4 protein chains.
Amino acid sequence: MNFRNDKAIYLQLADYFYENILTHSFKPDERIPSVRDLAIDTEVNPNTVMRTYKHLQDNNIIYNKRGIGYFVSDDAYKITHEMKKEEFINEQLPEFFKTLSYLNIKFSEIEQLYQNYLKSEKNENK
Amino acid sequence: MNFRNDKAIYLQLADYFYENILTHSFKPDERIPSVRDLAIDTEVNPNTVMRTYKHLQDNNIIYNKRGIGYFVSDDAYKITHEMKKEEFINEQLPEFFKTLSYLNIKFSEIEQLYQNYLKSEKNENK
Amino acid sequence: MNFRNDKAIYLQLADYFYENILTHSFKPDERIPSVRDLAIDTEVNPNTVMRTYKHLQDNNIIYNKRGIGYFVSDDAYKITHEMKKEEFINEQLPEFFKTLSYLNIKFSEIEQLYQNYLKSEKNENK
Amino acid sequence: MNFRNDKAIYLQLADYFYENILTHSFKPDERIPSVRDLAIDTEVNPNTVMRTYKHLQDNNIIYNKRGIGYFVSDDAYKITHEMKKEEFINEQLPEFFKTLSYLNIKFSEIEQLYQNYLKSEKNENK
DNA sequence: GTGGTCTAGACCACC
DNA sequence: GTGGTCTAGACCACA
C-alpha cells in the first residue's frame with residue numbers, strides 16, 4: 001500500500017475501510033484482517049493499525065470479539081455514509097463552491113470533467 | 001477571526017490573502033497590514049503572521065520594502081490563480097468526484113445547490 | 001448467553017456459577033454441565049469453559065471426578081460467600097461511595113431505587 | 001502518582017481528570033498540564049499521557065489550541081456528569097443491588113457504613 | 001515551547 | 001492465535 005505524506009497513515013488506513021464499506025465490499029459481521037496481518041500487509045507498525053482499529057471502533061464502525069478479532073458492525077454503512085455526507089455538505093462542498101467562484105470556473109466545465117471521470121472509472125473496473 | 005483547528009493557522013491566514021487577491025480586493029502595490037497589526041487583529045502570535053508573510057513572499061505574491069512594510073506584487077493575481085487552479089484540478093476535483101461517486105450523489109443535486117450558493121453569495125454582498 | 005465485552009468471558013461464566021451457588025440453585029455434590037455441553041450452550045470455546053472450571057476448582061468451589069465430571073463442593077456456598085463479601089467490602093463499596101459523593105446523589109434516592117429493584121426481582125421470580 | 005494494576009494507566013489518568021472536573025477543581029477554559037509535564041510528574045511515558053488526552057478530547061471534555069496546549073471545555077462538567085451518572089445507573093447500581101441481594105446484606109448496614117465513609121472523607125479534607 | 005505520529009520491541013491476558 | 005497497553009526514542013510541523 002502506498003501512503004501519501006500529507007495525512008496520517010492510520011487515517012489513510014481508516015479511509016480504506018470507509019471506501020470498502022461504502023461500496024459494500026465489506027459486509028456486516030464480516031471479519032477484517034487481524035492487527036498483525038494488516039500490519040505486515042501494509043508494511044506498517046502494528047501500533048499504527050491498532051490505532052486505526054481503535055478509531056473505527058470508537059465510531060462504531062467495527063466491533064471486537066475478545067480473542068477472535070474485529071468485525072464490521074451492522075450499522076457500518078449507515079454510520080459511514082452519514083459521516084461522509086455530513087463532511088461533504090459542511091466542508092467539502094462550500095470549499096468547492098468557493099473555489100469555483102474565485103477561479104471563475106463555469107459549472108458546465110465541471111460537468112464535462114465529471115463525465116470523463118465516470119468513463120475512466122468504468123474502464124478501470126473492467 | 002476564527003480559525004479551524006485542522007489546518008495550520010499561518011496557512012489559513014494565507015488563504016485570507018489569496019481570496020482577497022483573487023477577488024481583486026487587494027491590488028498590486030497595495031500595502032498590506034504590518035505583522036504586528038495583523039497579529040493583534042487576528043489574536044495570533046506575531047511569529048505566525050511572520051510565517052504567513054514569508055510564505056507569501058517565497059511565492060512572489062507579496063514583496064517587502066525594508067523598514068516600510070509588505071506590498072502586493074504585480075503578479076499576485078496571476079500567480080495565485082495558477083496555483084489555486086492547479087490545486088483544484090489535481091487535488092480538490094478528483095477528491096470531489098470520488099466522494100460524489102461513493103456517496104451516490106447525483107450531479108444534478110450539486111448543480112441545484114450551486115445555484116442556491118450563488119444566490120446567497122449575491123445577497124451577502126449587497 | 002450474552003457476554004459483556006469488558007470482562008473476561010471465563011470470569012463471566014464463573015459469575016454464573018457464583019450466583020447459582022449463592023442462591024442455593026446449585027447444591028453440594030450436584031453435577032454441573034460437562035465442559036463440552038456448556039461450551040455448546042454458551043457458544044464459547046471449550047478452552048474458555050475449561051478455564052472457568054479450573055478457576056473454580058482452584059478455589060475449591062467445584063471438584064472433579066476423573067472421567068465423570070465436575071461437582072459442586074461442600075464448602076461452595078461458604079467459600080463463595082466469603083469471597084464475594086470481601087470483594088464487596090474492599091472494592092465495590094468504596095467505589096460506590098465515591099461515585100455517590102462525586103455525583104451528588106443522595107442516599108435516600110438509592111434507597112428508593114433499591115425498593116423498586118426488590119419489587120421487580122420478586123415479580124420476575126413468580 | 002500510584003497506579004493500580006487492574007486498569008490501564010491512561011484510563012486512571014482520565015479518572016483523575018474526571019474527578020477534578022466533577023469537584024470543580026478544573027474549570028472551563030483552564031489549561032491542563034502539557035503532555036510532557038504530566039508525563040514527567042506521573043513518571044509515565046508521554047505516549048500514555050497523549051492517549052489520555054486524546055481520549056478526553058474525543059469525548060469533548062478537553063480541547064486543543066494548536067501549539068499552545070489542552071484546555072478544559074465548557075461542557076466538561078456536564079458531559080462528565082452525564083457519562084458517570086449513566087454508568088452508575090446502568091452498570092454500577094444493578095451490580096450493587098445484585099450483590100446486596102445475593103449476600104443477604106441489609107440496606108441499613110450500608111447506610112451506617114456510608115455515614116462512616118462521609119465522616120472519614122470530611123476529616124481527610126481538613 | 002506545544003502536540004502528533006510513527007517505529008521497534010516488549011509483555012500481558014484472553015480465546 | 002487474538003487484541004491491548006506500555007516504554008523508549010525519534011522526527012516533524014506548528015506557535
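Values in this document were obtained by computation on a predicted structure and should not be read as measured data. Reminder, nothing fancy here: chain letters follow the sequence lines and each chain counts from 1.
Consecutive Watson-Crick or G-U pairs involving DNA chain E, each under 3.5 Å on both distances, make up stems of three or more pairs at E:1-14 with F:1-14.
Between C:Glu30 and C:Ile21 the shortest side-chain heavy-atom distance does not fall below 4.5 Å. Proximity of B:Glu87 to A:Thr99: side-chain heavy atoms (C-beta onward) are nowhere separated by under 4.5 Å. At a threshold of 4.5 Å between non-hydrogen side-chain atoms, the residues C:Val72 and C:Phe17 do not count as touching. Between B:Tyr10 and B:His55, the closest side-chain pair of non-hydrogen atoms falls below 4.5 Å.
For the pair A:Tyr53 OH and F:dT2 C1', the interatomic distance rounds to 12 Å; values are reported in whole Å. Rounded to whole Å, the distance from OH on D:Tyr63 to P on E:dG3 is 14 Å. Rounded to whole Å, atom P of F:dG3 lies 10 Å from atom CG of A:Leu38. We find that CZ of D:Phe3 is positioned 9 Å from P of F:dT7, with the value rounded to whole Å. Rounded to a whole Å, the CD1 atom of A:Ile40 is 15 Å from the C1' atom of E:dT7. The separation between D:Met50 atom CE and E:dT5 atom P is 7 Å, rounded to whole Å. Note: CG (D:Asp6) to P (F:dC6) measures 12 Å, nearest angstrom. Here the C1' atom of nucleotide E:dC14 and the NZ atom of A:Lys65 are 16 Å apart, to the nearest Å.
A side chain to side chain contact (heavy atoms under 4.5 Å, CB included) with D:Ile9 is found for exactly one of D:Thr52, D:Thr48, D:Val49, D:Asn45, namely D:Thr48.
Remark: A:Ile61 CD1 to A:Tyr18 OH distance equals 4.5 Å, nearest 0.5 Å.
Residues B:Phe88 and B:Phe96 keep their aromatic ring centres 6.0 Å or farther apart.
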If a protein heavy atom is under 4.0 Å from the base, mark B; if only from the sugar-phosphate, S; if neither, -; do that for nucleotides 9-15 of chain F going 5' to 3'. B----BS

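A salt bridge does not link D:Lys65 to D:Asp29: none of the charged nitrogens lies less than 4.0 Å from a carboxylate oxygen.
Residue whose closest nucleotide on DNA chain F sits further toward the 5' end, between D:Gln12 and A:Val35: A:Val35.
Remark: B:Asp58 engages B:Lys54 in a side-chain contact (heavy atoms from CB on, under 4.5 Å) (not counting sequence neighbours).
One finds a side-chain N or O of A:Tyr70 lying less than 4.0 angstrom from the OP1 or OP2 phosphate oxygen of F:dG4.
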